[in-house]
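Written below as structure tokens is the structure these notes are about.
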Amino acid sequence: LQCLALNCLEPIYALYPNLLITSAYRDPARSINTSQHPKGQAADLQFRGSHYDDYFDIAVKLAQAVCFDQFILEYTSYSRNPWIHISFSKDVNRGQVMTFYNNKKYADGIHRLG
């Protein structure tokens, strides 16, 4: 979590002080095997006061400003606003950028949905 905070969360907070971390470390027994959350390497983010359409612009800016392993703009049919999943590994960072819809990959890169 310390590497994630120093390399991702603190720089994001400097750009967006309305940052809200909605999920970070998760119990391994309640997570899928591929998740980086149980390793303390991932967080899900939203931004207080931001609206649905704001997330695309926020995602584009952050993907260019922060070093990461995975960066996912996640849209759902069951949530009012999307969120951003970001991970960081102290070993190797792949720099993967994706857009998800309802927990499944929609496309590589950041896409505006809605």
N/O donor-acceptor pair under 3.5 Å between R48 side chain and L19 backbone: yes
Distance-only side-chain donor-acceptor flag, S77 / N102, under 3.5 Å: yes
Y106 vs F100, side chain to side chain contact (heavy atoms under 4.5 Å, CB included): CA-CA, chis, key distance, verdict: CA-CA 5 Å; Y106 173 81; F100 274 39; 5.7 Å; no
Check: G49 main-chain N/O paired with N18 side-chain donor or acceptor under 3.5 Å: no
Hydrophobic cluster identity match, L73 and V66, side-chain contacts under 4.5 Å: yes
pair P82-T76: side-chain heavy atoms closer than 4.5 Å: no
Pair V97-D108, side chain to side chain contact (heavy atoms under 4.5 Å, CB included): steps then yes or no: CA-CA 6 Å; V97 179; D108 286 325; over 6 Å; no
Aromatic plane relationship, Y78 with W83 - under 30° parallel, 30 to 60° tilted, over 60° perpendicular: tilted
Test item: N7 side-chain N/O and C3 main-chain N/O as donor-acceptor pair under 3.5 Å: yes
I72/I86 under side chain to side chain contact (heavy atoms under 4.5 Å, CB included): CA gap, chis, key distance, verdict: CA-CA 6 Å; I72 304 171; I86 192 162; over 6 Å; no
In one Ile/Leu/Val/Met/Phe/Trp/Tyr side-chain cluster, 4.5 Å: Y55, L20: no
Minimum heavy-atom distance between I110 and A63, given as atom pair plus value: CD1-CB, 3.7 Å
Neighbour count above 12 (heavy atom, 6.0 Å) for Y25 OH: yes
C67 vs F88, side chain to side chain contact (heavy atoms under 4.5 Å, CB included): CA-CA, chis, key distance, verdict: CA-CA 8 Å; C67 180; F88 185 86; 3.9 Å; yes
Atom pair NE2 (H85) and CD (E74), whose distance is rounded to the nearest 0.5 Å: 7.0 Å
Any donor-acceptor N or O pair under 3.5 Å, side chains Q36, D69: yes
Heavy-atom pair with the smallest gap, counting every atom of A43 and L9: CB-CD2, 4.2 Å
Nearest non-hydrogen partners of H37 and A42, listed with the distance: ND1-O, 3.4 Å
Spacing of CD belonging to E10 relative to CG belonging to L4, to within rounding of 0.5 Å: 10.5 Å
F56 side chain near L113 side chain, heavy-atom distance below 4.5 Å: no
Same apolar cluster (I L V M F W Y, side chains within < 4.5 Å links), Y52/V60: yes
Y13 OH: over 12 foreign heavy atoms closer than 6.0 Å: no
Any L1 side-chain heavy atom under 4.5 Å of Q41 side chain: no
Hydrophobic cluster membership, I58 vs F68, 4.5 Å side-chain cutoff: yes
CA sep, side-chain torsions, deciding dist, call: D57, R112, salt bridge (Lys or Arg N to Asp or Glu O under 4.0 Å): CA-CA 9 Å; D57 295 327; R112 187 185 306 268; 3.7 Å; yes
Exam field: side chain Y75 to backbone H111, donor-acceptor pair closer than 3.5 Å: yes
Minimum side-chain heavy-atom gap N81-F47 below 4.5 Å: no
Distance in Å, Q46 CD paired with R80 CZ, rounded so as to fall on 0.5 Å steps: 8.5 Å
Least distance between heavy atoms, A65 atom then L15 atom: CB-CD1, 3.9 Å
Closest approach of P11 to A5 (non-hydrogen atoms, all atoms of both residues): CD-O, 4.1 Å
Single-linkage hydrophobic cluster M98~L45, side-chain heavy atoms < 4.5 angstrom: no
K39 side, atom NZ; S87 side, atom OG - distance, nearest 0.5 Å: 9.5 Å
Under 3.5 Å donor-acceptor, S23 side chain and D44 backbone: no
